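Given the structure is predicted, the values throughout are model-derived calculations rather than measurements. Ligands are counted one by one from 1 in listed order, and the atoms in each one are counted from 1 as well.
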Amino acid sequence: MLPQDALEAARDELLEYGNTGMSVMEMSHRSKAYEEIISEARELFYEIMNIPRSYKILFLQGGASLQFAMVPMNLLKTGADYVLTGQFSHKAYDEALLFGKSVNIAGSTKAENYTRVPRQDELKLDPKADYLHICHNNTIFGTRYNYVPETAAPVVADMSSCILSEPVDVSRYGLIYAGAQKNIAPAGLTVVIIREDIISPPMSGTPTMLNYTVMDKNDSMYNTPPTYPIYMCMLVLRRLKSLGGLSVMAEINNAKAKVLYDYIDESALFTNPVNKPDRSIMNAVFKTPSEELDALFVKEAEKAGFVNLKGHRSVGGMRASIYNAMPSEGVTALVKFMKRFEVEHR
Ligand SMILES: *Cc1c(COP(=O)(O)O)cnc(C)c1O
């Protein structure tokens with residue numbers, strides 16, 4: 001979902017942005033009007049996420065999935081640590097393996113079907129690693145880190161499904177990346193927040209478009225950036241700011257997640273397998289005792305207007321993604337529907 005007021009603002013200026021005589025979609029990315037849009041989006045990121053000025057914000061393309069490759073191409077000199085906590089962290093690890101360097105699995109909860117994330121004392125870190133890669137919020141498995149791993153190397157975090165959902169101490173990370181389409185803007189934009197001192201020449205053979213140094217030197221304008229998603233990002237960030245920023249957003253998100261988890265925990269029909277302290281506040285997974293009943297739930301939910309509730313095929317069951325723009329009323333309505341389903345099918 002995107003926030004209703006951001007969509008309305010976009011609608012109101014769809015045909016003409018300000019007095020420019022054209023739509024944002026028609027602007028040159030080098031025009032003065034567009035320059036102001038991308039600058040405002042960048043500045044709002046610094047402000048809302050409280051990002052130190054020693055970090056650069058890059059607006060790139062290719063999704064989080066391209067960062068799975070871009071991170072090792074730029075940062076992997078000798079070795080890297082990867083923690084496996086689900087599908088996306090595994091994909092990132094597989095991509096790092098492509099480059100013939102030493103890639104260490106520093107931790108994995110695969111044996112427990114990723115129902116939790118490893119604790120700090122379980123991590124087996126390579127003291128010579130160039131970085132440690134984690135997936136902060138595991139979209140498919142409904143888990144998240146409730147701590148930032150301690151390591152000598154910079155921490156690289158995939159925050160695609162949790163960025164802007166609560167305050168984070170950016171200074172604890174070397175690099176944060178996120179595909180925009182879950183919590184920031186429509187698909188097509190990838191945001192990278194990188195500590196300036198780790199931007200270094202990439203491995204030889206790295207294409208120019210995948211070189212952080214080039215993207216940084218050109219202020220994300222080496223080529224045409226995804227201009228409209230960056231504009232939508234600006235509108236979403238404006239709304240977050242007027243709401244009171246990330247601490248207010250976190251209060252709202254925690255309250256939404258609590259309503260859902262509290263009901264699941266007291267329900268005699270639905271269960272959530274995740275270790276409680278590791279439960280995601282963005283993606284809640286749940287299931288009934290049978291696959292048939294799960295399928296019936298998804299079908300009836302859809303009829304009642306609740307879409308996209310089917311869980312990923314690797315976990316089955318259901319998953320409610322309650323990103324920033326999902327209003328509390330959406331969660332309350334879902335719980336009401338689940339209660340009725342429970343009464344009818346217990
Ligand atoms: C959705 C998602 C991805 C994939 O993002 P793309 O932008 O489609 O490449 C990667 N990581 C996480 C944590 C995700 O939730």
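- Protein heavy atom at the shortest distance from atom 1 (C) of ligand 1 is K182 NZ, 1.4 Å.
- With a 4.0 Å cut-off on non-hydrogen atoms, C135 touches ligand 1 through its side chain and not its backbone.
- Of the residues E342, K258, K336, the one that meets the side-chain hydrogen bond (donor to acceptor under 3.5 Å, both in side chains) test with Y263 is E342.
- The proximity of F68 to ligand 1, defined as any non-hydrogen pair under 4.0 Å, is limited to the side chain.
- The protein heavy-atom contact nearest to atom 8 (O) of ligand 1 is Q181 NE2, 3.2 Å.
- Of all protein heavy atoms, the one closest to atom 15 (O) of ligand 1 is T139 OG1, 2.4 Å.
- Proximity of the aromatic rings of F297 and F337 is defined here by a centroid distance below 6.0 angstrom, and this criterion is met.
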Should D262 and E266 be marked as a side-chain contact (heavy atoms from CB on, under 4.5 Å) after you check the CA-CA gap, both sets of side-chain angles, and the distance that decides it? CA-CA 6 Å; D262 280 354; E266 70 174 41; 5.7 Å; no
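- A salt bridge links E43 with R53: at least one charged nitrogen is closer than 4.0 Å to a carboxylate oxygen.
- Proximity of M159 to ligand 1, defined as any heavy-atom pair under 4.0 Å, is not found for any part of the residue.
- At a cut-off of 3.5 Å, with distance as the only test, no side-chain donor of H90 or Y114 sits close to an acceptor on the other residue.
- Between the choices D158, I163, N283, the shortest heavy-atom distance to atom 13 (C) of ligand 1 belongs to D158.
- If you look at L66 next to ligand 1, there are no close heavy atoms at all, none under 4.0 Å.
- Side-chain rings of Y82 and H133 approach one another, their centers coming within less than 6.0 Å.
- Ranking protein heavy atoms by distance to atom 4 (C) of ligand 1, first place goes to F88 CE2, 3.7 Å.
- Protein heavy atom at the shortest distance from atom 9 (O) of ligand 1 is S65 OG, 2.6 Å.
- An N or O contact shorter than 3.5 Å links A64 to ligand 1 by distance.
- Atoms of ligand 1 lying under 4.0 Å from at least one heavy atom of N137, given by number and element, are 13 (C).
- Between the side chains of S171 and D169, at least one donor N or O sits under 3.5 Å from an acceptor N or O.
- In this pair, Y17 and Y231 present their aromatic rings perpendicular. The plane angle is above 60°, beyond the 30 to 60° band.
- Each of the following atoms of ligand 1 lies closer than 4.0 Å to a heavy atom of G63: 7 (O), 9 (O).
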